Each structure stands twice: as structure tokens, then as C-alpha cells.
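No experiment lies behind these values; they were computed from the predicted model shown.
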Amino acid sequence: VQLQACGGGLVQAGGSLRLSCEASGLTFSSLAMGWFRQAPGKEREFVASISWGGGSTYYTDAVKGRCTISRDNAKNTVYLQMNNLKPEDTAVYFCAAGETQGALVRSIVDSWGQGTLVTVSS
């Protein structure tokens, strides 16, 4: 199983980034996918997840209204569009996969990607 995340970078506050994560070695279309993040000195936390068919999405309160998770099952790829970024969004962002009908909480994650760094300057 491989989850290859990309799209991170340095952006000014108020800017946007689009993260992508391409999966291989798993049955992508049958799995919930999600994004987590880990800031320096902090625990990894849930950001957003999307059901296997894309019909249900879940967000942590800190990003609601600013981020959109989506997926393309034909491309085995999940995306996270992040707008109006804030310095507190600075973290390494990890994509994840797991089997669930609900939100992809950390305890359910079966596979993790390698992470992509997002840095938001003030």
C-alpha cells in the first residue's frame, strides 16, 4: 500500500493550497479517505475525511468553511482544497485510508501516507 501526498508548500496567510494523495496497492473506491495534520510538538489530528463514494464528508471545526475534501475514484486520488489559510494551519499533512461508514478517525486508519509540509506565514 502506498499513499503519495503532494501539494504542500509555503504560502502567505489568506492564500490557498490544494493537496493531492494518490493511492496504490489498495481498493481505493471501497475505502474512506482522510487528511490528518501534525504541527511541531503536537499530536496528529483529524482534518477531514470522505466516504468511499464521496457522498459524505467530515471536517474538524477548525477548517470548516475553508477546506474541501474530494476524491476521484477513477484516479485513485483524494484532494484537500485549503483556502484562507492561517498560520495555525502550519503542519505536516498526512493522507490516510480506512474502512468506515462514518468519519475516518485516527483509530480506524489502516494506511498512512508520508506527509506533505504546509507552512503558512503571517
Side-chain angles (χ1 to χ4, degrees):
V1 176
Q2 189 170 20
L3 300 177
Q4 188 72 33
C6 63
L10 174 63
V11 64
Q12 289 188 329
S16 298
L17 283 174
R18 189 194 196 202
L19 306 183
S20 299
C21 175
E22 184 174 0
S24 59
L26 48 74
T27 308
F28 182 83
S29 60
S30 67
L31 296 172
M33 298 296 298
W35 290 93
F36 291 72
R37 66 187 180 185
Q38 188 166 16
K42 295 187 177 181
E43 292 190 356
R44 192 171 300 189
E45 64 175 2
F46 172 82
V47 177
S49 69
I50 187 168
S51 60
W52 62 270
S56 297
T57 56
Y58 307 87
Y59 299 92
T60 189
D61 287 346
V63 306
K64 279 181 181 177
R66 300 190 296 119
C67 293
T68 302
I69 188 170
S70 60
R71 65 189 296 161
D72 185 339
N73 285 351
K75 296 182 178 179
N76 282 9
T77 301
V78 61
Y79 306 95
L80 184 68
Q81 176 68 43
M82 302 189 294
N83 300 323
N84 190 23
L85 282 161
K86 303 176 180 181
E88 52 263 43
D89 294 318
T90 295
V92 177
Y93 284 70
F94 298 88
C95 66
E99 294 188 45
T100 179
Q101 298 297 316
L104 184 64
V105 298
R106 187 173 175 180
S107 60
I108 299 174
V109 172
D110 293 323
S111 302
W112 292 98
Q114 89 286 3
T116 185
L117 177 62
V118 172
T119 304
V120 184
S121 63
S122 57

> Taking all non-hydrogen atoms of both residues, which atom of Ser122 and which atom of Ala13 are closest, and how far apart?
CA-CB, 4.3 Å
> Sub-3.5 Å donor-acceptor pair from the side chain of Thr100 to the main-chain atoms of Leu104, do we have one?
no
> Any cation-pi pair here, Arg71 with Phe28, using under 6.0 Å and within 45°?
yes
> Treating Ile, Leu, Val, Met, Phe, Trp and Tyr as nodes and any side-chain heavy-atom pair under 4.5 angstrom as an edge, say whether Val105 and Trp112 lie in one connected cluster.
yes
> Is it true that the SG atoms of Cys95 and Cys21 are less than 2.5 Å apart?
yes
> Mark yes or no for whether Gln38, through its side chain, and Ala91, through its backbone, hold a donor-acceptor pair below 3.5 Å.
no
> Over all heavy atoms of both residues, which pair between Leu26 and Ala97 is shortest? Give the atoms and the distance, please.
CD2-CB, 4.3 Å
> With a 4.5 Å cut-off on side-chain heavy atoms, are Met82 and Arg66 touching?
no
> Taking all non-hydrogen atoms of both residues into account, name the closest pair between Tyr59 and Cys67 and its distance.
CE2-O, 3.3 Å
> Between Thr90 (side chain) and Val120 (backbone), is there a donor-acceptor pair under 3.5 Å?
yes
> Hydrophobic clustering (ILVMFWY, side-chain heavy atoms < 4.5 Å, transitive) - are Leu17 and Val47 grouped together?
yes
> Under the salt bridge (charged side-chain N to carboxylate O under 4.0 Å, His left out) test, which residues partner Arg18, sequence neighbours left out?
none
> I'd like to check Thr60 versus Glu45 (side-chain heavy atoms, cut-off strictly below 4.5 Å). Are they in contact?
no
> So with a 6.0 Å cut-off around CD of Glu99, is the heavy-atom count from everything else above 12?
no
> Hydrophobic cluster membership, with links at side-chain heavy-atom distances under 4.5 Å among I/L/V/M/F/W/Y: are Trp52 and Leu80 in one?
no
> Please give me the minimum heavy-atom distance between Gly98 and Asp110, naming the atom from each residue.
CA-OD2, 3.8 Å
> Can you measure from CD (Gln4) to CG (Asn76) and round to the nearest 0.5 angstrom?
13.5 Å
> Check whether any side-chain N or O of Tyr58 sits under 3.5 Å from a backbone N or O of Ser51 as a donor-acceptor pair, and report yes or no.
no
> In Å, rounded to the nearest 0.5 Å, how long is the span from CZ of Arg44 to OH of Tyr93?
13.0 Å
> Check whether any side-chain heavy atom of Val11 lies under 4.5 Å from a side-chain heavy atom of Ser16, and answer yes or no.
no
> Measure from NZ or CZ of Arg106 to the centre of the six-membered ring of Phe36 and say whether it is under 6.0 Å with the direction within 45° of the ring axis.
no
> Does one hydrophobic cluster hold both Leu19 and Leu31, with members joined at side-chain heavy-atom distances below 4.5 Å?
yes
> Are any non-hydrogen side-chain atoms of Arg37 and Val63 less than 4.5 angstrom apart?
yes
> Kindly work out whether a path of hydrophobic side-chain contacts (I/L/V/M/F/W/Y, heavy atoms less than 4.5 Å apart) joins Phe46 to Leu3.
no
> Grab the two heavy atoms, one from Ser49 and one from Ala103, that are nearest each other, plus how far apart they are.
OG-CA, 3.6 Å
> I'd like to know if Lys86 and Asp89 make a salt bridge, using a cut-off of under 4.0 Å between side-chain N and carboxylate O.
no
> How close do Val109 and Ala96 get, heavy atom to heavy atom, and via which atoms?
CG1-CB, 3.6 Å
